[in-house]
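FYI, side chains are in, hydrogens and waters are out, and symmetry mates aren't considered; it's all heavy atoms of this structure. Chain identifiers are assigned alphabetically (A, B, ...) following the order of the sequence lines, protein sequences preceding nucleic acid strands; residue numbering begins at 1 within each chain. Predicted, not measured: the structure shown is a model, and the values here were computed from it.
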Amino acid sequence: MACEASLAESAFDPSAEITRFTAAHALAGGIVSFIGQVRVGEGVEALELRHYAPLTLPGMVALAEATVTRWALDGLSIIHRSGVMLPGEPIVLVLAAARHRRDAFAAADYAMDHLKSESWFWKREKIAGIWRWIEPRAQDYADLARWDRSV
Amino acid sequence: MACEASLAESAFDPSAEITRFTAAHALAGGIVSFIGQVRVGEGVEALELRHYAPLTLPGMVALAEATVTRWALDGLSIIHRSGVMLPGEPIVLVLAAARHRRDAFAAADYAMDHLKSESWFWKREKIAGIWRWIEPRAQDYADLARWDRSV
Amino acid sequence: MPLRLVFLGRLEDAAGMGATALDLPAPATLPEVLARLPAALAAALADPRLRLAVNGALLAADAKPLLADGDELAFLPPVSGG
Amino acid sequence: MPLRLVFLGRLEDAAGMGATALDLPAPATLPEVLARLPAALAAALADPRLRLAVNGALLAADAKPLLADGDELAFLPPVSGG
């Protein structure tokens with residue numbers, strides 16, 4: 001089972017990745033994707049994600065491996081930006097290919113919850129010219145806790 | 001809230017649709033897509049979906065409207081093929097854009113379960129030169145029943 | 001009066017066609033329609049899992065339609081889409 | 001011995017830099033490291049929610065590392081990614 005994780009230091013094209021992934025997993029009946037992007041229109045001028053190289057990508061690889069172990073997948077891909085992003089730019093793309101769509105949905109959902117709460121990124125936002133570090137959201141921990149009590 | 005449903009009589013490009021939809025929903029933080037495609041490599045030479053025009057598209061529109069009522073979405077799009085498809089070709093694309101990713105995941109999942117079990121399509125497969133009609137799958141009904149007992 | 005019958009899914013194979021026209025005295029009931037069809041097809045159309053639509057409007061599972069001049073009656077097997 | 005300290009997230013603001021070098025007698029403990037830093041930064045680094053990594057390996061939450069020659073000690077605030 002193929003799984004891959006990568007850290008993108010500059011803008012990437014989710015559609016091109018989806019095309020490539022879909023073609024590579026022609027045996028799968030269903031492909032679920034999640035695209036997270038910098039929201040437009042809330043006064044955020046830029047967003048920056050910092051990472052710590054010795055931990056961040058290895059953590060993403062470990063998450064991808066854990067996810068493919070947990071569900072019956074044909075393939076899984078995680079791409080996460082670091083660096084400065086502008087509104088409308090993609091931050092994260094998770095792709096899961098499976099024979100049965102339930103597995104693909106659950107795997108993408110699981111990978112996103114763990115990326116949000118457990119991966120080694122620190123986020124700051126620029127609003128009205130001022131950069132501010134973002135605290136973890138309680139909702140992210142609640143999302144994560146779901147996976148402790150179910151498959 | 002924008003929702004749309006369309007019946008594609010010939011091949012469509014999921015990536016182009018995802019690009020268009022993502023750009024149209026720049027306010028959304030997250031976009032979930034589901035791509036269903038004709039599996040390659042199981043001996044299926046072609047798949048055909050027949051529809052009944054007075055019911056099929058109106059049913060898809062009603063499903064899209066029910067889905068956007070049920071979750072907090074910025075947008076929802078359902079595209080479903082009819083006609084003859086070859087292995088590797090897309091059958092269905094569901095796109096859900098939401099401020100919070102949980103809503104986008106649930107909406108896409110819900111729309112797929114209902115498309116599979118309740119929309120007016122009849123499927124046949126060509127294997128070794130012989131067309132055979134496909135019976136509904138028990139799994140599809142089980143998937144659908146999930147939504148009766150939870151949000 | 002003219003009626004149009006539409007056969008979806010595997011019923012198209014049972015009927016040997018996707019649609020056909022029928023002429024019956026108005027108003028016509030479903031048993032009157034089935035009586036005019038070949039026995040094997042009539043048997044396939046009596047499957048209780050089928051749903052019916054008249055002029056594109058789905059009928060309740062236990063409806064007993066009275067068909068009028070020009071009506072289109074569609075026979076809908078369980079769906080297997082997507 | 002030389003040590004390298006790395007400050008992630010908001011700790012970079014507290015430190016006024018992303019990383020710094022320090023020279024201490026070997027082996028060095030965390031309290032010895034903090035004692036060499038400005039009081040405000042030392043206070044920020046004593047936050048119990050922080051995690052530590054030595055040479056890229058995450059430490060257990062209650063670990064008391066002994067730092068050796070050339071070690072890189074990273075201070076990791078709660079993550080807020082994705």
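The closest side-chain heavy-atom distance from V79(D) to W120(A) is below 4.5 Å.
Here R49(D) pairs with E135(A) in a salt bridge; the nearest charged N to carboxylate O distance falls below 4.0 Å.
With rounding to the nearest 0.5 angstrom, the CD atom of E72(D) is 3.5 Å from the OH atom of Y52(A). Distance check, rounded to the nearest 0.5 Å: CG of L11(D) to CH2 of W133(A) gives 9.0 Å. Considering CG of L8(D) and CG of L55(A), their distance stands at 8.0 Å, rounded to 0.5 Å.
Neither the backbone nor the side chain of E48(A) comes within contact range of chain D; no heavy atom of the residue lies under 4.5 Å from a heavy atom of that chain.
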Using the rule given for side-chain contact (heavy atoms from CB on, under 4.5 Å), can you reason through D13(D) versus W131(A), listing the C-alpha separation, both sets of side-chain angles and the distance that settles it, and then say yes or no?
CA-CA 11 Å; D13(D) 291 352; W131(A) 282 104; over 6 Å; no

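Looking at every heavy atom in both residues, P54(A) comes nearest to G56(D) through CB-CA, 3.4 Å.
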